[in-house]
Amino acid sequence: GQQLNQSPQSMFIQEGEDVSMNCTSSSIFNTWLWYKQEPGEGPVLLIALYKAGELTSNGRLTAQFGITRKDSFLNISASIPSDVGIYFCAGYTGANSKLTFGKGITLSVRP
Amino acid sequence: AAGVIQSPRHLIKEKRETATLKCYPIPRHDTVYWYQQGPGQDPQFLISFYEKMQSDKGSIPDRFSAQQFSDYHSELNMSSLELGDSALYFCASSLEAGDTQYFGPGTRLTVL
C-alpha cells in the first residue's frame, strides 16, 4: 500500500531556529496535509495543499506540494517553545477516502 | 468555529466488555472517519462513512462496528474488548469524502 516516509523520528532545535521537515512517497498523492499533535490530543490541521507546486503559508509555517506529487515539506521559522509536538504529514492518493499518515516527527525546542 | 466533538473523553473497561464511542462532526460535514492510535504510533484508519453509508474500511477488527446516523453523528461499537484495544480513538470529519479531515480530541480507551 501507499506509505509516507518522514525522517528523522525526532528533531531537536534551539528556540529561534528555523526547521524543515520532509515527507516523501513512492506513490503519487493529490492532496497533502500537515498536522501537529500534542500528547493526548487530536491532530490539529496546520496546512492543506491541493495542487502540485503549491506553496502555502500559515503564520510562521510554510508548506509546499512537490512538483512530482510524491513529496511535501513543512518549514517552521523562528521556532518557539510551543512548537513542541509531533508533526505528521498525511495525504490522499485519490483512489479512496483513506488518509495515509507518515510516522511523524517529534520536535523538541530548547529555550 | 465548531469542531468535532467526541465522547466520552476517557473510558475504562474490563476485558470482554463492550464500549461505545460517539462522534459529532463539524456542522455540514457529511463524512466521518474513525482512527485508532496506539502509543508512539501514527493514526490507523478504521472505517469511514459518507452520507450515512460505509465508504471505506481499513484495519477494523470484526469485533468492532460503526454506523452514521441521520443527524450525521457516528458511533463506534467495540465488543469483546481485549487489552490490545487500549488506545486513543479519533474521529475526523470532512465536508465531502476525500476532503480535508478535521480531527476531534479523541477518546482514550483503557482496557484492564
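Note that the coordinates shown come from a computational prediction; the quantities given were computed from them, not determined experimentally. Naming: A, B, ... by sequence-line order, numbering from 1 per chain.
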query: Which region of A:Q9, side chain (C-beta onward) or backbone (N, CA, C, O), has a non-hydrogen atom less than 4.5 Å from a non-hydrogen atom of chain B, or is it both or neither?
result: neither
task: Heavy atoms only, distances under 4.5 angstrom: which of A:G40, A:P43, A:G104, A:A48 has the most pairs with chain B? Name it, please.
output: A:P43
message: If I measure from the heavy atoms of chain B, does A:L33 come under 4.5 Å with its side chain, its backbone, both, or neither?
response: side chain
statement: Whatever's closer than 4.5 Å to a heavy atom in chain A on B:Y35 counts as side chain
Transitive ILVMFWY side-chain link B:Y50 to B:Y33, under 4.5 Å: no
- prompt: Any chain of hydrophobic side-chain contacts (each under 4.5 Å) joining A:L46 to A:M11?
  reply: yes
query: So do A:Q37 and B:F90 actually touch side chain to side chain, heavy atoms under 4.5 Å?
result: yes
field: Top of B:T31, B:D99, B:L88 for chain A proximity - count of heavy-atom pairs under 4.5 angstrom
entry: B:D99
Interchain contact, A:F88 with chain B, by part (heavy-atom threshold 4.5 Å): side chain
- request: Sort out for me which of B:G106, B:G3, B:P43 touches chain A most, counting heavy-atom pairs under 4.5 Å.
  value: B:P43
- request: Please check if A:I47 and B:F103 belong to a single hydrophobic cluster, counting links between Ile, Leu, Val, Met, Phe, Trp and Tyr side chain heavy atoms closer than 4.5 Å.
  value: no
- prompt: Cluster question for you: counting only ILVMFWY and a side-chain heavy-atom cut-off of under 4.5 Å, with indirect links fine, are B:Y89 and B:Y24 together?
  reply: no
- prompt: Checking side-chain contact (heavy atoms from CB on, under 4.5 Å) for the pair B:F45/A:T100: CA distance, chi angles, key distance, verdict?
  reply: CA-CA 8 Å; B:F45 172 75; A:T100 300; over 6 Å; no
query: Would you say B:K13 has more than 12 foreign heavy atoms packed within less than 6.0 Å of its NZ?
result: yes
- prompt: Has B:D62 got more than 12 heavy atoms of other residues, nucleotides or ligands less than 6.0 Å from its CG?
  reply: no
query: Taking NZ, NE, NH1 and NH2 as the nitrogens, is one of them in B:D56 or A:K98 under 4.0 Å from a carboxylate oxygen of the other?
result: no
message: According to a hydrophobic-cluster definition based on side-chain heavy atoms being under 4.5 Å apart (Ile, Leu, Val, Met, Phe, Trp, Tyr only), do A:I13 and A:L61 belong together?
response: yes
query: What are the two closest non-hydrogen atoms of A:Y35 and B:Q101, and how far apart are they?
result: OH-O, 2.5 Å
query: Heavy-atom distance under 4.5 Å between the side chains of B:Q37 and A:F101, does that happen here?
result: no
message: Tell me if the NZ atom of A:K51 is crowded by more than 12 foreign heavy atoms within 6.0 Å.
response: no
- prompt: Got A:L45 and B:Y102 here, is their nearest side-chain heavy-atom distance under 4.5 Å?
  reply: yes
